[in-house]
Amino acid sequence: MCEDAVSQRLLAWYDINARKLAWRVGPDAWRAGQRADPYAVWMSEIMLQQTTVAAVDKYFRRFTTLWPDVHALASAKDADVMGEWAGLGYYARARNLLKCARVVSGEWGGVFPGTRAGLQALPGIGPYTAAAISAIAYDRPETVVDGNVERVMARHFAVQTPLPKAKKDLTDLAGAETPEHRPGCYAQAVMDLGATICTPRNPACGICPLSKTCLGRARGIAAELPRKTPKKPKPTRRGIAYLARRDDGAWLLEDRPARGLLGGMLGWPTEGWDGTDDGAPMPANWQDVGVEVTHTFTHFHLRLQVLATQVPQGANPARGNFRALRPADLPTLMRKAFDASQRYFDQSEPDTLG
DNA sequence: CATCCGTGGCC
DNA sequence: TGGCCAAGGAT
């Protein structure tokens with residue numbers, strides 16, 4: 001390996017510029033012999049799937065405080081884990097997080113496997129995450145390929161083929177750069193570079209440690225790469241949410257099905273947007289709160305009408321049940337509907353009517 | 001290989 | 001404002 005190799009320049013850059021992250025063993029501590037906790041690496045990598053560092057930080061601290069090791073997490077109640085994940089999105093990750101913790105705790109004695117194949121056999125761990133845990137937590141020379149690595153490779157080698165077709169070529173190029181020494185630091189270095197220097201828009205080529213060999217920059221097309229096949233436009237769906245508050249302060253809520261949109265999460269009874277069309281959950285004096293909720297999912301826009309009502313004790317809903325609400329347990333769409341309803345419920349406070 | 005699955009920030 | 005983007009996986 002020549003001293004001017006991509007990996008050596010990236011590691012030298014990383015040793016100085018590594019971001020300080022709650023789940024990371026920085027380069028100084030790493031060279032002093034400290035190693036990352038596989039549990040923490042796994043937790044962070046699951047949270048970081050399609051999600052930014054800024055969004056993950058708070059959740060990572062909360063989860064590792066509540067459940068410091070994989071045995072503790074494996075013993076947690078499903079509703080507690082789903083509630084803590086609320087707001088982070090892609091809720092299948094939370095369901096698989098629990099499944100995985102229970103497998104590792106029950107069948108692996110609490111020790112995560114170190115091989116890529118062993119890791120990838122676990123729920124919620126795919127090719128990227130398996131390579132990341134193997135490299136970062138176990139110092140194995142696995143090649144990590146995420147969106148950052150794809151972008152860095154596409155630019156450095158001026159790959160013009162659009163994604164996702166270019167995926168294999170980019171993976172091969174990344175594999176050829178992966179060093180035998182410090183592969184975990186290297187993996188984090190490429191991803192840090194992609195997140196801070198080789199960014200999707202306005203890359204900071206002037207301070208990039210790879211600029212002198214970057215073909216994309218030499219050809220003046222770095223910022224245009226990687227090319228991507230155009231995406232389909234998002235359709236707009238419409239639906240209705242029903243928010244009922246009982247006189248004692250309990251709310252009519254339902255547990256959503258374990259699969260599909262917001263699967264496994266807490267929600268208001270709704271209709272018309274997620275494949276269900278059951279109508280109102282109970283007969284009542286439903287009032288439009290006057291504020292339409294808008295929300296965008298991965299593949300469609302949603303405009304949600306919010307209907308609200310106050311009902312007496314003894315009300316008997318056809319679906320869902322009345323219970324105490326912790327608003328933080330709601331996924332963002334349901335939280336928006338709750339917020340939109342507050343004007344209605346503020347003016348219908350029993351003690352303001354008398 | 002295509003589709004489904006959240007959310008917040010950015011320009 | 002709306003489309004794009006982020007440390008992807010499951011089916």
Side-chain angles (χ1 to χ4, degrees), chain A residues 19 21-24 40-60 82 85-97 99-100 119-133 135-137 142-152 163-168 171 174 184 186-196 198-203 223-224 226-237 256-265 267 274-275 294-302 330-336:
Chain A
R19 290 185 292 173
L21 306 174
W23 49 86
R24 170 178 287 176
V41 173
W42 164 71
M43 177 79 74
S44 67
E45 291 297 345
I46 299 299
M47 290 181 168
L48 286 163
Q49 289 168 4
Q50 297 296 101
T51 309
T52 58
V53 165
V56 164
D57 184 67
K58 182 179 69 173
Y59 285 84
F60 176 83
M82 300 310 291
W85 197 277
L88 196 55
Y90 282 134
Y91 298 99
R93 293 184 297 171
R95 303 195 298 271
N96 285 326
L97 187 84
K99 284 184 192 172
C100 183
L119 286 161
Q120 201 170 329
L122 294 167
I125 299 182
Y128 162 76
T129 306
I133 297 171
I136 297 170
E142 298 290 353
T143 300
V144 171
V145 183
D146 70 336
N148 288 310
V149 177
E150 289 176 349
R151 186 169 58 256
V152 170
L163 285 167
K165 188 179 180 183
K167 174 85 175 180
K168 185 184 184 306
T171 299
Y186 170 77
Q188 295 175 92
V190 189
M191 294 191 284
D192 267 23
L193 187 84
T196 63
C198 195
T199 49
R201 289 177 294 240
N202 303 318
E224 303 168 20
R227 302 198 190 282
K228 298 190 176 181
T229 55
K231 295 172 182 175
K232 291 182 179 178
K234 292 180 202 243
T236 297
R237 298 185 190 174
R256 296 183 58 78
R259 311 176 59 144
L261 278 161
L262 309 180
M265 297 300 291
D274 61 353
T294 62
H295 192 72
T296 298
F297 290 94
T298 310
H299 52 295
F300 65 92
H301 303 291
L302 175 61
L330 293 170
T332 299
L333 170 67
M334 301 298 176
R335 179 60 185 268
K336 286 181 180 176

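Within 4.0 Å (heavy atoms only), Arg95(A) reaches no atom of the nucleic acid at all. Within the 4.0 angstrom heavy-atom criterion, base atoms lie near Leu21(A). Gly263(A) comes within contact range of no nucleotide atom at all, as no heavy-atom separation falls under 4.0 Å. Using a 4.0 Å heavy-atom criterion, one finds that Pro233(A) contacts no nucleic acid atom at all.
Listed pair Arg335(A) / dT7(B) fails the phosphate criterion, with no side-chain N or O lying under 4.0 Å from OP1 or OP2. An OP1 or OP2 oxygen of dG8(C) is reached within less than 4.0 angstrom by no side-chain nitrogen or oxygen of Gln49(A). OP1 or OP2 of dT7(B) has at least one side-chain nitrogen or oxygen of Tyr91(A) nearer than 4.0 Å.
Note that the OG1 atom of Thr294(A) and the NE2 atom of His301(A) stand 10.0 Å from one another [nearest 0.5 Å].
Considering only the side chain of Tyr128(A), dG9(C) comes nearest among dC5(C), dG6(B), dG9(C). Side-chain proximity of Arg259(A) to dT7(B), dG9(C), dT11(C): nearest is dT11(C). Closest approach to the Lys231(A) side chain among dG6(B), dC5(C), dG9(C) is made by dC5(C) (side chain taken as heavy atoms from C-beta onward).
Looking at heavy atoms from C-beta onward, Leu333(A) lies in side-chain contact with Leu302(A) at the 4.5 angstrom threshold. Leu330(A) has its side chain out of reach of Lys336(A): every pair of non-hydrogen atoms, C-beta onward, lies at least 4.5 Å apart. In this structure, the side chains of Tyr91(A) and Met82(A) come closer than 4.5 Å at one or more pairs of heavy atoms. In this structure, the side chains of Trp23(A) and Val41(A) stay at 4.5 Å or more apart for every pair of heavy atoms.
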Please list, pair by pair, any protein nitrogen or oxygen found under 3.5 Å from a nitrogen or oxygen in nucleotides 1-3 of chain B.
residue: dT3(B); atom: OP1; partner: Lys232(A); partner atom: NZ; Å: 2.4

With 3.5 Å as the limit, what N/O pairs link the protein to nucleotides 8-11 of chain B?
none

Exercise for review: With side chain to side chain donor-acceptor pair (under 3.5 Å) as the test, would you mind laying out the steps for Glu45(A) and Tyr128(A) before giving the verdict?
Suggested key: CA-CA 9 Å; Glu45(A) 291 297 345; Tyr128(A) 162 76; 2.7 Å; yes
Exercise for review: Could you walk me through whether Asp274(A) and Arg237(A) pass salt bridge (Lys or Arg N to Asp or Glu O under 4.0 Å), step by step?
Suggested key: CA-CA 9 Å; Asp274(A) 61 353; Arg237(A) 298 185 190 174; over 6 Å; no
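Regarding Ile133(A), its CD1 atom lies at a distance of 13 Å from the C1' atom of dG9(C), rounded to whole Å. Rounded to whole Å, atom P of dG6(B) lies 11 Å from atom CG of Leu88(A). Taking atom NZ of residue Lys58(A) and atom P of nucleotide dT7(B), one finds them 13 Å apart after rounding to whole Å. When rounded to the nearest whole Å, the span between CE of Met191(A) and C1' of dA6(C) equals 12 Å. Atom-to-atom, CG of Leu333(A) to P of dC5(B) comes out at 13 Å; the value is rounded to the nearest Å. Taking atom CZ of residue Phe300(A) and atom P of nucleotide dC4(B), one finds them 10 Å apart after rounding to whole Å. In this structure, Leu97(A) atom CG and dA10(C) atom P are separated by 13 Å, rounded to whole Å. Taking atom CH2 on Trp42(A) and atom P on dG9(C), their separation rounds to 14 Å, with Å as the unit.
Comparing dG8(B) with dG9(C), their P atoms are spaced 22 Å from each other, to the whole Å. dT3(B) sits 16 Å from dC4(C) when the P atoms are compared, rounded to a whole Å.
Judged by closest nucleotide on DNA chain C, Asp146(A) is the one of Gln120(A) and Asp146(A) placed further toward the 5' end.
Of the residues listed (Ile46(A), Leu122(A), Leu119(A)), the one engaging Cys100(A) in a side chain to side chain contact (heavy atoms under 4.5 Å, CB included) is Leu122(A), and it is the only one.
Checked against a 6.0 Å centroid threshold, the rings of His299(A) and Phe297(A) do not count as neighbours.
The local environment of NZ in Lys234(A) is crowded, with over 12 non-hydrogen atoms from other residues, nucleotides or ligands closer than 6.0 Å.
For Thr129(A) and dG8(C), a side-chain-to-base donor-acceptor distance below 3.5 Å is absent, hydrogens and geometry of angles not being considered.
With respect to Arg24(A) and Asp192(A), a salt bridge is recorded, a charged nitrogen being found less than 4.0 Å from a carboxylate O.
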